[in-house]
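Here's the structure we're looking at; comments come further down.
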Protein chains: 2
Amino acid sequence: MTQDASGPRPVATLEMVAALAGVSRATVSRVVNGLPSVDPKLAQSVKKAILALDYTPNRAARSLAKRRANTVTLIVPESTSKVFADPFFASVVEGIARYLTDTDYTLNMVISSESKPEKTRSFLLGGNVDGVLVVSHHSGDHSWTHLSGSLPMVFAGRPLVGGKESYYVEVDNEQAAYNATRQLIDSGRKHVATIAGPQDMPPGIDRLAGWRTAVQEAGLGEALVETGDFTQVSGTRAMQSLLDRGDPLDAVFAGNDQMAAGAYTAIQGRGLRIPEDIAVVGFDDDSFATSVTPALTTVHHPIIELGGKMAETLVNLIEGIPTDRVTVLPTSLVIRDSV
Amino acid sequence: MTQDASGPRPVATLEMVAALAGVSRATVSRVVNGLPSVDPKLAQSVKKAILALDYTPNRAARSLAKRRANTVTLIVPESTSKVFADPFFASVVEGIARYLTDTDYTLNMVISSESKPEKTRSFLLGGNVDGVLVVSHHSGDHSWTHLSGSLPMVFAGRPLVGGKESYYVEVDNEQAAYNATRQLIDSGRKHVATIAGPQDMPPGIDRLAGWRTAVQEAGLGEALVETGDFTQVSGTRAMQSLLDRGDPLDAVFAGNDQMAAGAYTAIQGRGLRIPEDIAVVGFDDDSFATSVTPALTTVHHPIIELGGKMAETLVNLIEGIPTDRVTVLPTSLVIRDSV
DNA sequence: TTGTAGGCGTTATCAC
DNA sequence: GTGATAACGCCTACAA
């Protein structure tokens, strides 16, 4: 410990900078905030003083004066503690954090405990937050939708309800699912099943719809559908049900990579080969896609970009800059070894 | 939109509460902060007013007055953008966020861009943060160690250097690795290899040491060592090297689950069976452990608890509450199907 | 272009 | 026990 007894070294204030530079606080404030009307000479000496004192503006004081928190909050519904196990979540957060790094906004995360939602609510509405980001896909999200009248809010993915007014960023799940299924069909598969996600969640709904369109178009049957909850075990269970039907089956489109990985277990557990006996395509292109053997062919979901775009949209909203209400990011099919 | 043209509804201030309750601001402040010396009667009417006005204290004003930010920052080294792909990271964050939810501290994340470390530094030292949490295992962390004299700081895992003064939370990697290896030996394996993590990172070093102790004790060879970087592909590469040696080999202890998953690819790629031909044990018990087939036997790493304990330690440090400098969390071996 | 002065919402130090 | 009153560090009319 080389720390002296005087405690943490005092932090320089704007006033100290002003004194050192021989100008008024107002002038310092102006150069700090990059206002144009400042004599270049003075600006220089102020900058020198700032450097000399290692001055950093005090966020609290600034927020108080401007009546803006310079903070955006990421809400994580507690019910969805699963999200943390979901690679999707981490990547969205990465994208958000990365974008905000270059702005004056700070990211803060709250787990909205369902036991005391009031606490979260008053935190958000208490003027401590300039905007809100909601990441989970789950229906739980919508408990916050009503705040969007009072506070700028951006969602990851189309909200199940209220979509006409909400700001959100997503990929075209339906189109992407259609393309993925087409890949299966075009490579000659005749009996294409799907493991769909929850039908009360937009990605679950839309991806199923895309599959349906593709099989209809190809004149294939639409009966081979089982539903999971986006977890790996649910994928295994769904695949087993599919196989238990005894109907011919040579391909499956899973609603996400985790369920696809689960399907692998069921398929390989019965001694069937991927892709020889059954081809598999997933969705998301997350870590599961490359951790399984054979590597999974899947829809690439640009998740980091999605997070970044969410943050960008929110900041624009906060600052009154016109922004698209809906942003749809492009996807692509990543061909690996499972088809 | 049911929002009227008056903009966001005005937020109640302490002063408004005081007016409504017919007391001074000082009294309201005392009630809000739970100070004892307040007439119960008055306290009641104040509480009623607070409820009526849906009052929430303004964080900025409070921070300014108390000269405390009530903010804890999680630093994510940019070099380590991998951390986001690492299930470990998400769980630590979950633990931290969960703990902080019940405190007055707010979590905020910064990606410390290496291009402009000064920005991060002055943000941290500018009085905008009460304490710092550092999550990555990587050596990059230590670029922040020097701040620990000026700002409370808690690490995830033993720092490579400066460990004598730092506060950190970890598991006993060496003991856990020893136990895992013993499991292999006790079940009759005679040629136990290891895929070690980077030898410039404490978990890499300590887990290798645990393996070494166990094989020495059992009189087995210590030559079967390859090193990876904790990624899946490095696990595959290391396992291939091991197999290429041509030496007898019937078990492998991997430094983490991702490398174990990578090893699976190499093993199964050569037509060898797990666990019949080669038994595999991993470390961390993350999502990779259950996504592979057969399910991986591994050391359970209590990551969420680790995050929680980090946050708890930091808050204690900030508030001057005596705390253990080092916390070691218990691990356990989770037996699945790979041994 | 620059400085003066008042205020942002709370807490803390005093008297009462 | 309670209430004035002065900070806390910064921004922003407004005046000069």
Side-chain angles (χ1 to χ4, degrees), chain A residues 8 10-47 49-50 53-71 104 122-123 125-130, chain B residues 8 10-47 49-50 53-71 104 106 122-123 125-130 319:
Chain A
V11 172
T13 68
L14 188 150
E15 176 147 25
M16 296 167 61
V17 175
L20 181 58
V23 300
S24 74
R25 295 177 305 175
T27 300
V28 177
S29 177
R30 291 185 184 110
V31 343
V32 167
N33 293 291
L35 299 197
S37 58
V38 174
D39 182 289
K41 273 204 181 86
L42 284 192
Q44 265 317 311
S45 64
V46 167
K47 285 178 183 166
I50 289 180
L53 268 41
D54 192 18
Y55 166 75
T56 311
N58 178 304
R59 276 179 58 85
R62 179 177 275 184
S63 292
L64 187 56
K66 302 180 73 160
R67 262 152 299 182
R68 172 172 291 190
N70 277 288
T71 293
D104 284 331
S122 54
F123 174 73
L125 257 30
N128 299 310
V129 164
D130 300 317
Chain B
V11 171
T13 69
L14 187 149
E15 174 146 26
M16 296 168 62
V17 175
L20 181 58
V23 300
S24 74
R25 292 177 308 179
T27 299
V28 176
S29 178
R30 292 181 183 115
V31 172
V32 168
N33 293 290
L35 299 195
S37 60
V38 172
D39 184 289
K41 273 200 180 89
L42 284 191
Q44 265 318 311
S45 63
V46 168
K47 286 178 183 167
I50 289 179
L53 267 42
D54 192 18
Y55 165 75
T56 310
N58 178 303
R59 276 179 58 85
R62 180 177 275 186
S63 293
L64 188 57
K66 301 179 75 160
R67 261 151 300 182
R68 171 171 292 189
N70 277 288
T71 292
D104 284 332
T106 244
S122 55
F123 175 75
L125 257 30
N128 299 310
V129 164
D130 300 317
E319 306 197 331

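In what follows, chains carry the letters A, B, and so on, assigned in the order in which the sequence lines appear, proteins first and then strands, with residues in each chain numbered from 1. In this text, all values refer to a predicted model and were calculated from it rather than measured experimentally.
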Quickly work out the [X] [atom1] to [N] [atom2] distance and round it to whole Å.
X        : N      : atom1 : atom2 : value
A:Arg30  : D:dC14 : CZ    : P     : 14 Å
A:Leu64  : D:dC8  : CG    : P     : 14 Å
B:Asn128 : D:dC10 : CG    : C1'   : 12 Å
B:Lys66  : C:dG9  : NZ    : P     : 18 Å
B:Arg67  : C:dT11 : CZ    : P     : 13 Å
A:Ile50  : D:dC10 : CD1   : P     : 10 Å
A:Leu35  : D:dC10 : CG    : P     : 15 Å
A:Arg59  : D:dC10 : CZ    : C1'   : 14 Å

Closest nucleotide of DNA chain C for A:Arg25 versus for A:Asp39: which of these residues is on the 5' side?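 Residue closer to the 5' terminus by nearest nucleotide: A:Asp39.
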Check whether A:Asn33 reaches the backbone of A:Leu35 with its side chain - one donor and one acceptor, N or O, closer than 3.5 Å.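 A pair under 3.5 Å: no.
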[X] versus [Y]: any side-chain heavy-atom pair under 4.5 Å?
X       : Y        : answer
A:Arg62 : A:Val32  : yes
A:Arg59 : A:Thr71  : yes
B:Asn70 : B:Thr106 : no

Return the nearest nucleotide to the side chain of [X]; candidates are [options].
X       : options              : answer
B:Arg62 : C:dG3, C:dT10, D:dG9 : C:dT10
A:Ala61 : C:dT10, D:dG9, D:dT2 : D:dG9
A:Asn58 : D:dG3, D:dG9, C:dT11 : D:dG9
A:Ala26 : C:dT11, C:dT4, D:dG9 : C:dT4

Spatial distance of atom CG (A:Leu125) from atom CG (B:Asp54) [nearest 0.5 Å]: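 Output value for this atom pair is 7.0 Å.
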B:Val23 near the nucleic acid: base, sugar-phosphate alone, or nothing, with a heavy-atom cut-off under 4.0 Å?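 Answer is sugar-phosphate: B:Val23 comes under 4.0 Å of backbone atoms only.
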Under 4.0 Å, counting only non-hydrogen atoms across every strand here, what does A:Val38 touch: a base, just sugar-phosphate, or nothing?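 Here A:Val38 touches the backbone only, sparing every base.
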Is the shortest side-chain N/O distance from [X] to OP1 or OP2 of [N] below 4.0 Å?
X       : N      : result
B:Ser29 : C:dT11 : yes
B:Asn33 : C:dT11 : yes
B:Ser24 : D:dG3  : yes

